*Asks:* 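The structure that follows is given in the form of structure tokens.
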Amino acid sequence: MMTRARLSISNRRVGAAAWTIARGWFAVIALACTVAGCARPGPSVLIPSPTVAAGAKLVIVYVATTRAREADTLNVYTNDRAPKLNYAEFTIAIPPHHQPGEIEWPHGTPDPQTNFVTVQQRLLSSQEFERKVAARGAGRTARKAGIFIHGYNVNFQEAVFRLAQLVSDADVDGVPVLFAWPSDAKLIGYVADREAATYSRDALAHVLTVLARDRKPGDVTVLGHSMGAWLTVEALRQLRLTGNTATLNRLEVILASPDIDIDVFRSQMQVIGRLSPPMTVLISRDDRALAISSRIAGERPRLGRLDIDDPRVQEAARAADIRIIDISKLSSPDQFNHDRFVTFGTLYARLGATERRTAGGPGQAGAFIFNTVGTAISSPFTLVGGVLSGQ
């Protein structure tokens, strides 16, 4: 009787935990269906359009991916894991009346006047990829490169168009590279996505090494979003463990809404050590996606939902030489409040060099709040606790 009673209590606890997780997923699914009508863009959006609108902005995106191709000669990718990196190049046309922060997806036949459309695409060999993204000449623009590592529940074409949008809105003048790992692109695929990201960390470390080659410190910007931020930090840890300090020293790392257990992050950074310029972490205290992630992980807090008003967070930022920026006051293009980095990138790019330094530039570690009023920027960063900047 005692054994049966214990089993009954245990089963109820397991059932309650499962229901807590399921309830979180139901909320996410309901919200996602409200936002997008449960429709996702398919590979057809990457088929080149026969026409380009007058006044459209063209963005070339280079891709390195651990996704498998549907066929060796097709630039179409599945969620299977490739035994080696695949490479591609896409030219995306941004419509003339594009709204910053948005991706104007086609519904049915793409209209170049109003939709993002693919203009050209081609497969690349590893040698072609390395040649195209290599630093060329002594010019500042030629030497700059940026790599975007997307997050959980993102399909290939969504990642390509998101990077094209970021490049267009922020007026990026360097070489844009997408690192696409084989996300299942399913709301219930969280565990599968985590494993796929883990599978991809050595490949990302290799791509970072390729990008950093022959470039100066700070010439390579690394932007990891959500689960992609976890993958990014794992790749940085791998570079440190293999003694690839030269690559680490050339990177400027930004983690946007990082889906990383705080204790895990602390352990990772003990291996990675301090970076120069300091690593930047973009956080939002009301990030609903990370709230669900925390619930799935047994209420373990996530790095992307830190409370910047907590003195312990402020002290940790100063001690670890990390720049933590609270962007909770910015509008978000999604109802999860998980994609505010898109808005941040656009606004920050519009600041002049002097404003960036005043606002806590790349050389300053500590805790900051990014404030905006409408589309105008007023005192972009308000330092939380003046002691953090050494003042």
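Bear in mind that the values here come from a model prediction, so they are computed numbers and not experimental data.
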*Asks:* Taking K57 for the side chain and S168 for the main chain, is one N or O donor matched with an acceptor at less than 3.5 Å?
*Replies:*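 Yes.
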
*Asks:* With rounding to the nearest 0.5 angstrom, report the CG to OG distance, D259 to S294.
*Replies:*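 Here the interatomic distance stands at 9.0 Å.
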
*Asks:* Is it true that a side-chain atom of D169 and a backbone atom of G101 form a donor plus acceptor pair closer than 3.5 Å?
*Replies:*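 It does hold such a pair.
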
*Asks:* Taking the side chain as every heavy atom from C-beta outward, state whether V222 and E252 have any pair of such atoms under 4.5 Å apart.
*Replies:*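 No. Closest side-chain heavy atoms not under 4.5 Å.
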
*Asks:* Atom OH in Y62, atom CD in E130: separation rounded to 0.5 Å?
*Replies:*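 Rounded to the nearest 0.5 Å, the OH-CD separation comes to 14.0 Å.
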
*Asks:* Please identify each residue that fulfils side chain to side chain contact (heavy atoms under 4.5 Å, CB included) with T209, with sequence neighbours left out.
*Replies:*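 Testing T209 for side chain to side chain contact (heavy atoms under 4.5 Å, CB included), a comparison that skips the adjacent residues, returns R213, L239, N244, T247.
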
*Asks:* Are I60 and V117 grouped together when hydrophobic residues (ILVMFWY) are joined by side-chain heavy atoms under 4.5 angstrom apart?
*Replies:*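 No; V117 is not reachable from I60 via cluster members.
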
*Asks:* Under a 4.5 Å cut-off applied to non-hydrogen side-chain atoms, are L255 and L282 in contact?
*Replies:*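 They are not in contact (no side-chain heavy atoms under 4.5 Å apart), so the answer is no.
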
*Asks:* Quiz question: by atom type and distance under 3.5 Å, do the side chains of R323 and T280 form a donor-acceptor pair?
*Replies:*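 On atom types as modelled, these side chains qualify, holding a pair under 3.5 Å.
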
*Asks:* For a 4.5 angstrom cut-off between non-hydrogen side-chain atoms, does Y190 reach I292?
*Replies:*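 A side-chain contact under 4.5 Å is absent here.
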
*Asks:* Please say yes or no: joined through hydrophobic side-chain contacts below 4.5 Å, possibly via intermediate residues, are V175 and L204 part of one cluster?
*Replies:*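 Yes; L204 is reachable from V175 via cluster members.
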
*Asks:* Would you tell me whether D193 and S183 have side-chain atoms, one donor and one acceptor, within less than 3.5 Å of each other?
*Replies:*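 Checked: D193/S183 side chains pair up, N/O donor to acceptor below 3.5 Å.
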
*Asks:* Please check if V52 and F116 belong to a single hydrophobic cluster, counting links between Ile, Leu, Val, Met, Phe, Trp and Tyr side chain heavy atoms closer than 4.5 Å.
*Replies:*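 No, separate clusters.
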
*Asks:* How close do A56 and A93 get, heavy atom to heavy atom, and via which atoms?
*Replies:*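 Distance-wise, the nearest heavy atoms are CB-CB, 4.2 Å.
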
*Asks:* Do the non-hydrogen side-chain atoms of Q121 and T91 ever get within less than 4.5 Å of each other?
*Replies:*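 Q121 does not reach T91 side chain to side chain.
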
*Asks:* Over all heavy atoms of both residues, which pair between R305 and R285 is shortest? Give the atoms and the distance, please.
*Replies:*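 Shortest heavy-atom separation between R305 and R285 comes out as NH2-O, 3.1 Å.
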
*Asks:* Could you tell me whether a side-chain N or O of W181 sits under 3.5 Å from a main-chain N or O of Y152, the two making a donor and an acceptor?
*Replies:*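 No, the answer is negative, given that no donor and acceptor are paired below the 3.5 Å cut-off.
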
*Asks:* If you compare all heavy atoms of V220 against all heavy atoms of R215, which two are closest, and at what distance to 0.1 Å?
*Replies:*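 Answer, listing the atom of V220 first, then R215: CG2-CD, 3.7 Å.
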
*Asks:* side-chain contact (heavy atoms from CB on, under 4.5 Å), that's the test. Do L163 and V59 meet it? Break it down for me.
*Replies:* CA-CA 9 Å; L163 180 53; V59 175; over 6 Å; no

*Asks:* Could you name each residue pair satisfying side-chain hydrogen bond (donor to acceptor under 3.5 Å, both in side chains) that touches residues 105-119, not counting sequence neighbours?
*Replies:*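 Matches after skipping sequence neighbours: none remain.
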
*Asks:* Mind checking the CD1-CG spacing from I92 to L46? Nearest 0.5 Å is all I need.
*Replies:*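 Reported to 0.5 Å precision, the distance equals 6.0 Å.
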
*Asks:* Could you walk me through whether I325 and F344 pass side-chain contact (heavy atoms from CB on, under 4.5 Å), step by step?
*Replies:* CA-CA 10 Å; I325 303 175; F344 173 84; 4.2 Å; yes

*Asks:* Could you tell me which non-hydrogen atom of L290 sits nearest to which non-hydrogen atom of S257, and how far apart they are?
*Replies:*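 Closest approach of L290 to S257, heavy atoms only: CD1-O, 3.8 Å.
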
*Asks:* Should the pair R81 and Y199 be classed as cation-pi, given the thresholds of under 6.0 Å to the six-membered ring centre and 45° from the axis?
*Replies:*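 Flagged: R81 positioned over aromatic ring of Y199.
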
*Asks:* Can you give the donor-acceptor pairs under 3.5 Å from side chains of residues 155-162 to other protein atoms, not counting sequence neighbours?
*Replies:*
unit_1	atom_1	unit_2	atom_2	d
N155	OD1	Q157	N	3.4
N155	OD1	E158	N	2.8
N155	ND2	P41	O	3.1
Q157	NE2	P41	O	2.8
E158	OE1	R40	NH2	2.8
E158	OE1	N155	N	2.9
E158	OE2	R40	NE	2.7
E158	OE2	R40	NH2	3.4
R162	NH1	Q165	OE1	2.6

*Asks:* Considering non-hydrogen atoms only, spot the tightest contact between N153 and K186 and give its length.
*Replies:*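 That would be OD1-N, 3.1 Å.
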
*Asks:* So V167 and F148, do their side chains get closer than 4.5 Å, heavy atoms only?
*Replies:*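 No, their side chains stay 4.5 Å or more apart.
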
*Asks:* Would you say CZ of R122 has more than 12 non-hydrogen atoms from neighbouring residues, nucleotides or ligands within 6.0 angstrom?
*Replies:*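 More than 12 heavy atoms, drawn from other residues, nucleotides or ligands, come within 6.0 Å of this atom.
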
*Asks:* Scan side-chain atoms only and decide if N79 and Y77 contain a donor-acceptor pair under the 3.5 Å cut-off.
*Replies:*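 N79 vs Y77: no donor-acceptor pair found between side chains.
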
*Asks:* Can you find a heavy atom in the side chain of L251 that is under 4.5 Å from one in the side chain of L211?
*Replies:*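 In short, these two side chains do not touch, never coming nearer than 4.5 Å.
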
*Asks:* Would you give the length of the straight line joining atom CG of N86 to atom OG of S126, rounded to the nearest 0.5 angstrom?
*Replies:*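 It is 10.5 Å, given to the nearest 0.5 Å.
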
*Asks:* Apply side-chain hydrogen bond (donor to acceptor under 3.5 Å, both in side chains) to R340 and list each qualifying residue two or more places apart in sequence or on a separate chain.
*Replies:*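 Testing R340 for side-chain hydrogen bond (donor to acceptor under 3.5 Å, both in side chains), a comparison that skips the adjacent residues, returns S284, D286.
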
*Asks:* State yes or no: do L124 and L208 share one hydrophobic cluster built from I, L, V, M, F, W and Y residues joined by side-chain heavy-atom distances below 4.5 Å, directly or via other members?
*Replies:*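 Same hydrophobic cluster.
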
*Asks:* Please assess F179 against L85 for the test side-chain contact (heavy atoms from CB on, under 4.5 Å), listing each intermediate value before the final yes or no.
*Replies:* CA-CA 10 Å; F179 184 85; L85 277 162; 4.0 Å; yes

*Asks:* My understanding is that only residues two or more places apart in sequence, or in another chain, count here; which of them pass side-chain hydrogen bond (donor to acceptor under 3.5 Å, both in side chains) with R266?
*Replies:*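 With neighbours one apart ignored, the set is D263.
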
*Asks:* May I ask whether V154 and L187 are part of the same hydrophobic cluster, defined by side-chain heavy atoms of I, L, V, M, F, W, Y residues being less than 4.5 angstrom apart, directly or through others?
*Replies:*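 No: no chain of side-chain contacts under 4.5 Å links V154 to L187.
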
*Asks:* Keeping the roles fixed (side chain from T343, backbone from S332), state whether a donor-acceptor pair exists under 3.5 Å.
*Replies:*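 Side chain of T343 to backbone of S332, a donor-acceptor pair under 3.5 Å: no, none is there.
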
*Asks:* For residues 225-236, please give each side-chain donor-acceptor pair under 3.5 Å, one per line with the distance, not counting sequence neighbours.
*Replies:*
unit_1	atom_1	unit_2	atom_2	d
H225	NE2	H338	O	2.9
H225	NE2	D339	OD1	3.4
S226	OG	H338	NE2	2.8
T232	OG1	G228	O	2.7
E234	OE1	R201	NH1	2.4
E234	OE2	Q268	NE2	2.8

*Asks:* Evaluate the side-chain proximity of P112 to S49: yes if any heavy-atom separation is below 4.5 Å, no if none is.
*Replies:*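 Side-chain contact under 4.5 Å: yes.
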
*Asks:* What are the two closest non-hydrogen atoms of P182 and A196, and how far apart are they?
*Replies:*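 Closest approach of P182 to A196, heavy atoms only: O-CB, 3.5 Å.
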
*Asks:* Check the pair V342 / L166 against side-chain contact (heavy atoms from CB on, under 4.5 Å), numbers first and verdict last.
*Replies:* CA-CA 7 Å; V342 174; L166 290 169; 4.3 Å; yes

*Asks:* In Å and rounded to the nearest 0.5 Å, what is the CZ to OG1 distance from R250 to T245?
*Replies:*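 Result: 10.5 Å between the selected atoms.
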
*Asks:* Measure the OG1-CD distance between T78 and E70 for me, rounded to the nearest 0.5 Å.
*Replies:*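 Going from OG1 on T78 over to CD on E70, the span is 7.5 Å.
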
*Asks:* Using a strict 4.0 Å threshold on nitrogen-to-oxygen distance, state whether E315 and R312 make a salt bridge.
*Replies:*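 A salt bridge is absent here (no side-chain N lies under 4.0 Å from a carboxylate O).
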
*Asks:* Does I369 reach the side chain of I308, with side-chain heavy atoms less than 4.5 Å apart?
*Replies:*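 Yes. Closest side-chain heavy atoms under 4.5 Å.
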
*Asks:* Tell me if a side-chain donor or acceptor on S293 pairs with a main-chain N or O of A289 at a distance below 3.5 Å.
*Replies:*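 Absent.
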
